[in-house]
Amino acid sequence: MKLERFNGERHRHPQAELTWVVQGAGVRFVGDSAAPFEDGDLVLVGPDVPHLWVSHADDVGKPHELCVAQFPVNLLETLSVPEWGDVSDLLRRASQGLVIQAPVCSDVQGLLLRMQAEQGLTRLALLLEILGLLVKHPSALQTLSSASVVVASGRGSDQTDRRIDRVVRWIQDNLAQNLRIEDAAAQVHVSPAAFSRFFRRSLGKTFTEYVNDLRCTEAAIQLRKTDKPVATVALDCGFTTMSHFNRQFLLRHGQTPRRYRKSV
């Protein structure tokens, strides 16, 4: 699937989804996780988990391509296949979103390419081969979203998703500004107190925590894609002091911004 950019609304569906970003870069939202992605990103999302991929502004106009496979989680349960128990465990783990890493990432990508060219039972067999690989290599799967959101996602509604999407996009569009909870609450026409409860119930973290998540995600992208001084990146992403930027970035990425830039 070739697109001008990755965009849309935060959404969920009853099928599990395997998404491979063949080309493109930006921010990936899965549950309460907001993290940078780039070419080769490969993620398994369980059923009813809110998710969205959004292109970074610097990548708009460049080639974008996705390869997506959706499938029902009870695919073979009715056939009483014993091996499906391990796959069911995998899909339960995917209810928090899973990034697929080496050593199986390239193998899964190759199987997805073959699936695109096949039909019927051959395509199903390739999907089962992918699931078998993931079951055999649990250490190659990195969890994205916190467990608290898994519970919340089941209670959500389309209206809730739209309201959260509106707030998240407002945060993205105003990262460099002073983002007050009062202004965020005004986006969905509720009081600040009601907004705080709604936001934490929906995403499993406070408004301030999520703002810092997005700011650190944007900072990580800029550190990887530009030569801007670290202090400029901090200001562009809404951090008014370097000490606060360093502390929040270290908390989320396990290293300081300068060390992160040197490592990528």
Side-chain angles (χ1 to χ4, degrees), residues 5-14 17 26-37 45-57 95-97 143-222 233-253:
R5 62 178 300 181
F6 304 144
N7 205 354
E9 293 186 350
R10 186 173 175 271
H11 63 285
R12 69 182 88 202
H13 40 69
E17 178 176 301
V27 182
R28 179 203 329 110
F29 299 90
V30 176
D32 69 355
S33 166
F37 73 87
V45 178
D48 295 315
V49 178
H51 56 280
L52 170 66
W53 277 249
V54 179
S55 297
H56 191 260
S95 65
Q96 293 173 255
T143 302
L144 289 173
S145 181
S146 69
S148 58
V149 160
V150 176
V151 177
S153 68
R155 296 195 303 264
S157 66
D158 290 342
Q159 182 181 8
T160 298
D161 287 341
R162 286 193 295 270
R163 294 169 81 191
I164 287 293
D165 185 59
R166 190 181 312 151
V167 173
V168 169
R169 287 182 181 278
W170 174 79
I171 296 170
Q172 282 184 284
D173 292 341
N174 297 278
L175 273 182
Q177 311 304 316
N178 178 26
L179 299 178
R180 305 185 311 149
I181 198 166
E182 293 83 0
D183 297 327
Q187 301 299 311
V188 290
H189 311 293
V190 297
S191 70
F195 175 82
S196 293
R197 293 191 298 270
F198 154 75
F199 194 89
R200 183 154 199 162
R201 186 172 63 249
S202 300
L203 287 179
K205 58 183 64 176
T206 68
F207 172 72
T208 299
E209 288 170 336
Y210 200 75
V211 167
N212 285 328
D213 281 354
L214 283 181
R215 283 176 167 161
C216 288
T217 294
E218 174 62 23
I221 293 172
Q222 291 196 25
V233 171
L235 284 173
D236 286 349
C237 297
F239 291 102
T240 55
T241 68
M242 283 299 298
S243 60
H244 184 51
F245 177 42
N246 285 330
R247 186 166 58 252
Q248 295 297 326
F249 196 92
L250 179 63
L251 180 66
R252 288 160 176 82
H253 294 280

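At least one side-chain heavy atom of Asp213 sits under 4.5 Å from a side-chain heavy atom of Lys205.
Between Phe245 and Phe249, the two ring planes are perpendicular [angle over 60°; tilted spans 30° to 60°].
Nearest approach of Ile181 to Phe195, heavy atoms of both residues: CG1-CD2, 3.6 Å. For the pair Pro192 and Glu182, the tightest heavy-atom approach, listed with the atom from each and the gap, is CG-CG, 3.9 Å. In plain terms, the two heavy atoms of Phe29 and Val168 that are nearest each other are CE2-CG1, 3.6 Å. Between Arg12 and Asp48, the shortest heavy-atom contact is NH1-O, 3.5 Å. What you find for Val30 and Ser145 is that their closest heavy atoms are O-CB, 3.6 Å. The heavy-atom pair separating Ala194 from Val190 by the smallest distance is CB-CB, 4.3 Å.
Rounded to the nearest 0.5 Å, atoms CG (Leu144) and CZ (Arg28) are 5.0 Å apart. A distance of 9.0 Å separates CD in Glu209 from CD in Gln248, rounded to the nearest 0.5 Å. Of the inter-residue distances, the one linking Ile171 atom CD1 with Asn212 atom CG reads 10.0 Å to the nearest 0.5 angstrom. With values rounded to the nearest 0.5 angstrom, Gln172 atom CD is found 8.5 Å from Glu218 atom CD. Going from atom CD of Gln187 over to atom CG of Asn174 covers 8.0 Å, rounded to the nearest 0.5 Å. Distance OG1/Thr217 to CG/Leu175: 9.0 Å, rounded to 0.5 Å.
Considering only residues two or more places apart in sequence or on other chains, His11 meets the ring pair (Phe, Tyr, Trp, His ring centres under 6.0 Å) condition with His13, His51.
Distance alone, capped at 3.5 Å, is enough to place a donor-acceptor pair between the Ser55 side chain and the Phe6 backbone. Formation of a donor-acceptor pair under 3.5 Å by the Asp165 side chain with backbone atoms of Glu9 is not found in this model.
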Going by atom type alone, with no hydrogens or angles, which donor-acceptor pairs under 3.5 Å involve a side-chain atom of residues 233-241 and a protein atom two or more places apart or on another chain?
unit_1, atom_1, unit_2, atom_2, d
Asp236, OD2, Lys228, NZ, 2.9
Thr241, OG1, Ser243, OG, 3.4
Thr241, OG1, His244, N, 3.2

